[in-house]
2 protein chains.
Amino acid sequence: MEGKAKKILIADDEPDILEIISYNLGKEGYDVYTAKDGNEAIERARILQPELIILDIMMPRKTGVEVCQILRSQPSFQDTLIIFLTALNDEASEIKGLETGADDYVSKPISPKVLVSRVNALFRRVNSKETGKTIEIGNITIDPVKFLVTIDGNELVLAKKEFELLYLLASRPGRVFLRNEILSQVWGNDVIVGDRTIDVHIRKVRQKLGVDCITTVKGVGYKFEL
Amino acid sequence: MEGKAKKILIADDEPDILEIISYNLGKEGYDVYTAKDGNEAIERARILQPELIILDIMMPRKTGVEVCQILRSQPSFQDTLIIFLTALNDEASEIKGLETGADDYVSKPISPKVLVSRVNALFRRVNSKETGKTIEIGNITIDPVKFLVTIDGNELVLAKKEFELLYLLASRPGRVFLRNEILSQVWGNDVIVGDRTIDVHIRKVRQKLGVDCITTVKGVGYKFEL
DNA sequence: TTTTGTGTAAACATAACGTTAACATGGAAG
DNA sequence: CTTCCATGTTAACGTTATGTTTACACAAAA
């Protein structure tokens, strides 16, 4: 459910709008970043790799549509959500915006509540599709979609159970999982396995990770840390 | 890639609206079905299992919001797209609609073009497999229009299923596709094929490509890389 | 010291996949 | 209409990766 706060980049040349939107999305728990023109939007997007980009259509130094086209042409922005924001209320722009590859389109004057709802709806849709989110902790990333664990950029391959085990522990860093909990989450409630099964898998994960990030809490269980 | 025309169910109590929307969406190649009230919408949805449902909010025998809540509570409609259609132009309804689990919200008076664009945008997002777009990865080109795969300029011929399989995997490089996903995307939801069918096709693709770019993730599925 | 819980290595069991060959089917060519 | 060929599918068997158990060593707590 939690994972990490999603990053949202908002680009608009009107400071008032930036502020009111930032405030409202921030209140919802999103990490909000801003840009005040098209070029800055592209720049910040490349660095931040946000999950969602909200683009005003009318901006100096590249319009929202141009920014969208440029970003969409790059592989790393294929899946990024994009919402257009605009004063133009004519449908031609709306159609063009959506066909450029935007995921939604909101007309000014903007109601913060409506925008927040639309943002939530978009994320709901996308998340339910991509079962599971990527976990990032320090230099370790755990991506259940690509089924990939990365340490300092080095990809490494875990077996299915190993991955599920690590993903469970890392989903709540610091929290101790009882052996029972681990069993029911990773192995399922009806499966009966021996005592040492968990240890062995823990060991394999530790071994493959190379980093010491799974702590034993004797008599209780295991937790993921650092 | 074709698979099948997507099914869209439209529920509205105004025959004129049903007709104009049906016509416009039909022209886009969708299979359009209609219902004239809430109960009929639910009934037809259960039988048709459409990919998208467009619901008027104000309908006799259950409002659009009620229909949405009922359907969303069932597992088979978790991933179904839902768009609300309404004359109410106040934001309270809009917010409520989106929070009920709708994916979009279009206000009347409806512009058919805008609606069609929004429908297309939604499907684009969900499929996110850029229908009909040439994929280029490294020295490999996959052109679904010409139905052609090129490696270092050498054209090679794949059979239909082989091509669809490759195209699916390559559409999201790095992402692991579960065997289930592959089955439903390439073979369709209602076809029943044996366990080894996918393997055999994977093998044929690997063989024809000559390059090792399809990785097995045991117990999970396959992914395209490099 | 004894007890309890965990780490480790190796052996074992098995599920998942690869590979091949045979059969089925549908359309094209004759 | 028949034959042929490409494709799709299934079945059988081999292979490997993965999961599990066993056995024992070790450490900390009682």
Side-chain angles (χ1 to χ4, degrees), chain A residues 147-149 155-169 176-225, chain B residues 1-4 147-149 155-169 176-225:
Chain A
F147 212 83
L148 208 63
V149 177
E155 298 182 356
L156 59 87
V157 183
L158 297 193
K160 197 183 169 205
K161 283 267 191 290
E162 293 164 9
F163 187 90
E164 290 172 356
L165 178 54
L166 175 62
Y167 190 80
L168 174 66
L169 295 181
V176 178
F177 287 82
L178 312 179
R179 294 173 87 93
N180 279 337
E181 286 182 295
I182 297 176
L183 274 181
S184 66
Q185 296 283 332
V186 177
W187 275 263
N189 281 307
D190 28 50
V191 186
I192 302 164
V193 290
D195 265 6
R196 303 268 65 73
T197 303
I198 292 183
D199 317 355
V200 175
H201 282 90
I202 288 280
R203 166 175 155 69
K204 286 180 182 167
V205 173
R206 282 177 172 152
Q207 203 167 254
K208 289 196 180 174
L209 287 190
V211 190
D212 180 33
C213 55
I214 297 180
T215 311
T216 306
V217 184
K218 246 181 151 170
V220 186
Y222 298 89
K223 66 176 170 178
F224 184 97
E225 264 184 335
Chain B
M1 252 52 312
E2 41 262 28
K4 266 186 266 192
F147 211 82
L148 210 62
V149 177
E155 298 183 355
L156 58 87
V157 182
L158 296 193
K160 193 181 167 207
K161 285 266 189 284
E162 293 164 10
F163 187 89
E164 289 174 357
L165 179 54
L166 175 63
Y167 190 79
L168 175 66
L169 295 181
V176 177
F177 287 82
L178 312 179
R179 293 173 87 93
N180 280 338
E181 288 182 293
I182 297 176
L183 275 181
S184 66
Q185 298 281 334
V186 177
W187 274 264
N189 280 307
D190 28 48
V191 186
I192 301 165
V193 290
D195 266 6
R196 303 268 67 73
T197 303
I198 293 183
D199 317 355
V200 175
H201 283 88
I202 288 279
R203 166 175 155 70
K204 287 179 182 168
V205 173
R206 280 177 173 152
Q207 205 166 255
K208 290 196 180 174
L209 287 189
V211 191
D212 181 32
C213 55
I214 298 180
T215 312
T216 305
V217 184
K218 239 178 157 170
V220 185
Y222 298 89
K223 66 176 168 180
F224 184 97
E225 265 184 334

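Naming convention: chains lettered A, B, ... in sequence-line order (proteins, then strands); numbering from 1 in each chain.
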Nucleotide [N], atom [atom2] - distance to [atom1] of [X] in whole Å:
X: A/Arg196; N: C/dA9; atom1: CZ; atom2: P; value: 15 Å
X: B/Arg203; N: D/dG14; atom1: CZ; atom2: P; value: 17 Å
X: A/Asp195; N: D/dC24; atom1: CG; atom2: C1'; value: 15 Å
X: B/Asp199; N: D/dA12; atom1: CG; atom2: C1'; value: 14 Å
X: A/Lys204; N: C/dT6; atom1: NZ; atom2: P; value: 19 Å
X: B/Phe163; N: D/dG8; atom1: CZ; atom2: C1'; value: 18 Å
X: B/Glu164; N: D/dG8; atom1: CD; atom2: C1'; value: 12 Å
X: A/Glu162; N: D/dT18; atom1: CD; atom2: P; value: 7 Å

Exercise. Are any of B/Trp187's side-chain N or O atoms less than 4.0 Å away from OP1 or OP2 of D/dG8?
Worked result: no
For this session: Respond yes when some side-chain nitrogen or oxygen of A/Arg179 is under 4.0 Å from OP1 or OP2 of C/dG5, and no when none is.
Result: no
Problem set entry | Student check: side-chain heavy atoms of A/Leu169 and A/Val205 closer than 4.5 Å | no
Exercise. With distance as the sole criterion, do the side chain of A/Lys160 and the base of D/dT18 form a donor-acceptor contact below 3.5 Å?
Worked result: no
Problem set entry | Pairwise 5' ranking along DNA chain D for B/Val193 and B/Leu158, keeping only the more 5' one | B/Leu158
For this session: Nearest-nucleotide wise, let me know which of A/Thr197 and B/Ala159 is further upstream toward the 5' end of DNA chain D.
Result: B/Ala159
For this session: Measure from the side chain of A/His201, starting at C-beta and using heavy atoms only, and say which of D/dG8, C/dT20, D/dG19 lies closest.
Result: D/dG19
Problem set entry | Nucleotide nearest A/Val200 when distance is taken to its side chain, options D/dT21, C/dC17, C/dT20 | D/dT21
Problem set entry | Electrostatic pair B/Asp199:B/Arg179 at N-O distance under 4.0 angstrom | yes
For this session: For the residue pair A/His201 and A/Trp187, categorise the inter-ring angle as parallel (less than 30°), tilted (30 to 60°) or perpendicular (more than 60°).
Result: perpendicular
Exercise. Reckon B/Lys161 touches a base, only the sugar-phosphate, or nothing at all at heavy-atom distances under 4.0 Å?
Worked result: sugar-phosphate
Problem set entry | Sugar-phosphate, base or nothing in reach of B/Tyr222, heavy atoms under 4.0 Å | sugar-phosphate
Seminar exercise, completed: By nearest-heavy-atom nucleotide on DNA chain C, the more 5' of A/Lys218 and B/Arg206 is A/Lys218
Exercise. For atom CD of A/Glu181, is the number of surrounding heavy atoms from other residues, nucleotides or ligands below 6.0 Å larger than 12?
Worked result: yes
Seminar exercise, completed: To the nearest 0.5 Å, atom CZ of A/Phe147 lies from atom CD of A/Glu164 at 6.5 Å
